[in-house]
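As the structure is a prediction and not an experimental result, all values here were calculated from the model. Only heavy atoms go into these numbers, but all of them, side chains included; no hydrogens, no water, no symmetry mates.
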Amino acid sequence: MRFASLTAIALVATLGAGVASAQGLPKLKQKDSYKVGFAQTESNNPWRIAETKSMQDIAKTCGWNLVYTDAAGSAAKQVADVESMIAQKVDLIVLAPREEKPLIPAVMKAKKAGIPVILVDRNVDQKLAAAGKDYVTFIGSDFIDQGRRAAEWLVKATGGKGTIVELEGTTGSSPANDRKKGFDDVIKKHPGLKIVASQSGDFARDKGRQVMQTLLQAHPDVTAVYAHNDEMAIGAIAALEAAGKKPGQDVTVVSIDGTRDALTAIAAGKMGATVQSSPFFGPVSCETAKKYIKGEKIPAWVKVEDKFYDKSNAQANMADGY
């Protein structure tokens, strides 16, 4: 997908919010440069590293003096990071909220301090904070649709029959919640497919490996694995191989993200498919901020369109990986 695909984003309103107006939100005056805070969740996987690089790269051309923080997987630290940015009087905060509810106070504090917030890649609980009122917008993929696409592929690949282990992402995060819903809702319609275990691997490769290793002991007859991201899927593949199973033959693996390791695993026949979830939010964040500064109306959801990779196109699209 890289930077180019983000130019093809579709701007859509969601959850009945319609098009968000700037009313009630802090304004941003036109000037040559801005101090922009980017509050990252963690840096323990290729997706996060690619996202951070995208933000750092765009800062050089967007007139941003970037204040970067890494929460190291802690929602509490991420709240403190945002509070530090507020104290530094940044002009704008770009936040990748680790979890939906714990980051609400940080968003509200920024608004009270007169600092607009753009959410990227993960959302907050919209019952507690709303785009266009409490923060500018959410820029990201349709996580429910990602889960749905993964499930629909698995139904076809298995003929609608199988025993599934689901490796969930970070508990309480919007992608974990939504990717589970999208997938589970489809699987429920197919009685020949059964999810026998669903447990969090925290979006981490080694945690995914450990969880899969444990679940295999209770469910040695598993025939399919759905991981909420590629890192956990790669970890699951390692656990399957250690247990003497052949991923891609004995067990069908489907995931989400579109990392280079996943595309390589698909090309090698160990993984069946992955739904892309782009981490390249820098360009669209810059574009959105510029529109906001000009007073243009910003949709409640700036939706990123994602590709789909399987054995038919993984090798040809290896350059999309990161």
Subject >> Residue pair Gln88 / Ser84, side-chain donor-acceptor N/O under 3.5 Å >> reply: yes

Original post:
Does the pair Lys53/Asp57 count as a salt bridge with the N-to-O cut at 4.0 Å?
Top reply: yes

Original post:
Is there a side chain to side chain contact (heavy atoms under 4.5 Å, CB included) between Arg205 and Asp261 once you walk through the steps?
Top reply: CA-CA 11 Å; Arg205 182 178 299 202; Asp261 282 353; 2.7 Å; yes

Original post:
Using the ring of each side chain (for Trp, its six-membered ring), is Phe308 parallel, tilted or perpendicular to Trp153, with breaks at 30° and 60°?
Top reply: tilted

Original post:
Which heavy atom in Gln315 sits nearest to a heavy atom in Ala267, and how many Å separate them?
Top reply: OE1-CB, 3.4 Å

Original post:
Going hydrophobic residue to hydrophobic residue with side-chain gaps under 4.5 angstrom, can you get from Ile234 over to Ile49?
Top reply: no

Original post:
If you look at every heavy atom in Ile187 and Val155, which pair is closest and at what distance?
Top reply: CD1-CG2, 4.4 Å

**OP:** State whether the side chain of Ser33 and the backbone N or O of Trp64 hold a donor-acceptor pair below 3.5 Å, judged by distance alone.
**Re:** no

Subject >> Steps toward side chain to side chain contact (heavy atoms under 4.5 Å, CB included) verdict (Phe203, Ser173) >> reply: CA-CA 10 Å; Phe203 285 128; Ser173 68; 3.7 Å; yes

Original post:
What heavy-atom pair brings Asp202 and Thr170 nearest, and what distance separates the two atoms?
Top reply: OD1-OG1, 2.7 Å

Subject >> Note, Cys62 side chain near Lys290 side chain (heavy atom, < 4.5 Å) >> reply: yes

Subject >> Residues Asp310 and Ser312: side-chain donor-acceptor under 3.5 angstrom >> reply: yes

Original post:
Taking side chain as C-beta onward, heavy atoms only, is Leu25 less than 4.5 Å from Tyr292?
Top reply: yes

Subject >> Test item: Tyr135 and Ile93 side chains (from C-beta on) under 4.5 Å apart, heavy atoms >> reply: no

Original post:
Is the backbone of Ala39 close enough, under 3.5 Å, to the side chain of Gln78 for a donor and an acceptor to pair up by distance?
Top reply: yes

**OP:** Mind running salt bridge (Lys or Arg N to Asp or Glu O under 4.0 Å) on Lys181 and Asp178 for me, showing each step along the way?
**Re:** CA-CA 5 Å; Lys181 176 176 174 49; Asp178 292 351; over 6 Å; no

Original post:
CG of Leu240 to CD of Gln213: how many Å apart, nearest 0.5 Å?
Top reply: 10.5 Å

Subject >> Side chains of Tyr226 and Asp184, donor plus acceptor under 3.5 Å >> reply: no

Original post:
Do Met318 and Tyr309 share a hydrophobic cluster, counting only Ile, Leu, Val, Met, Phe, Trp and Tyr and linking them when any side-chain heavy atoms are less than 4.5 Å apart?
Top reply: yes

Subject >> Side-chain donor-acceptor contact under 3.5 Å, Asp230 with Ser255 >> reply: yes

Subject >> Gln276 and Asp320: side chain donor to acceptor below 3.5 Å >> reply: no

Original post:
About how many Å separate CD of Glu42 and CG of Asp70, when rounded to the nearest 0.5 Å?
Top reply: 8.0 Å

**OP:** Taking the side chain as every heavy atom from C-beta outward, state whether Leu103 and Val79 have any pair of such atoms under 4.5 Å apart.
**Re:** yes

Original post:
With no hydrogens and no angle check, do the side chains of Tyr68 and Gln40 hold a donor and an acceptor under 3.5 Å apart?
Top reply: no

Original post:
Is there a donor-acceptor pair under 3.5 Å between the side chain of Thr137 and the backbone N or O of Ala300?
Top reply: yes

Subject >> Glu231 side, atom CD; Arg48 side, atom CZ - distance, nearest 0.5 Å >> reply: 11.5 Å

Original post:
Same hydrophobic cluster for Ile266 and Leu154, using side-chain heavy-atom links shorter than 4.5 Å among ILVMFWY?
Top reply: no

Original post:
To the nearest 0.5 Å, how far apart are CZ in Arg98 and CG in Asp121?
Top reply: 12.0 Å

Original post:
Heavy-atom distance under 4.5 Å between the side chains of Ile104 and Asp134, does that happen here?
Top reply: no

**OP:** Could you tell me whether the side chain of Lys29 reaches within less than 4.5 Å of the side chain of Lys27, counting heavy atoms only?
**Re:** no

**OP:** Say whether, by atom type as modelled, one donor and one acceptor occur between the side chain of Asn313 and the main chain of Ala316 under 3.5 angstrom.
**Re:** no

**OP:** Look only at the side chain of Lys111 and the backbone of Lys133, and say whether a donor-acceptor pair between them is shorter than 3.5 Å.
**Re:** yes

**OP:** To the nearest 0.5 angstrom, please state how far the CG atom of Leu167 sits from the CG atom of Leu215.
**Re:** 7.0 Å

Original post:
Which heavy atom in Pro116 sits nearest to a heavy atom in Asp91, and how many Å separate them?
Top reply: CD-O, 3.3 Å

Subject >> Separation between CZ of Phe281 and CD1 of Ile139, rounded to the nearest 0.5 Å >> reply: 7.5 Å

Original post:
Can any side-chain N or O of Lys245 pair as donor or acceptor with the backbone N or O of Ala239 at less than 3.5 Å?
Top reply: no

Subject >> Donor-acceptor pair, side chain of Thr41 and main chain of Ala96, under 3.5 angstrom >> reply: yes

Original post:
Can you list the steps and then say if Val120 with Met55 is a side chain to side chain contact (heavy atoms under 4.5 Å, CB included)?
Top reply: CA-CA 11 Å; Val120 295; Met55 297 300 299; 5.6 Å; no

Original post:
Considering the options Arg122, Glu99, Glu100, which one meets the side chain to side chain donor-acceptor pair (under 3.5 Å) requirement together with Asn177?
Top reply: Glu100

**OP:** Walk me through it: do Lys180 and His228 pass the test side chain to side chain contact (heavy atoms under 4.5 Å, CB included)?
**Re:** CA-CA 8 Å; Lys180 179 174 180 60; His228 287 191; 3.7 Å; yes

Subject >> Atom of Ala289, atom of Leu92 and distance for their closest heavy-atom approach >> reply: CB-CD2, 3.9 Å

Original post:
Testing Arg148, Arg149, Lys156 for salt bridge (Lys or Arg N to Asp or Glu O under 4.0 Å) with Glu152, which one passes?
Top reply: Arg148

Original post:
Which heavy atom of Ala236 sits nearest a heavy atom of Val225, and at what distance?
Top reply: CB-CG1, 4.2 Å

**OP:** Find out whether Phe38 and Ser285 are in side-chain contact, i.e. whether some heavy atom of one side chain is under 4.5 Å from a heavy atom of the other.
**Re:** no

Subject >> Other residues, nucleotides, ligands: >12 heavy atoms within 6.0 Å of Lys31 NZ >> reply: yes

**OP:** Verify the cluster assignment for Val196 and Phe183: are they in a single hydrophobic cluster under the rule of side-chain heavy atoms below 4.5 Å apart?
**Re:** no

Original post:
Is it the case that one hydrophobic cluster holds both Leu119 and Val90, taking links as side-chain heavy atoms less than 4.5 Å apart, direct or via other members?
Top reply: yes

Original post:
Looking at side-chain heavy atoms only, is the closest gap between Val253 and Lys270 below 4.5 Å?
Top reply: no

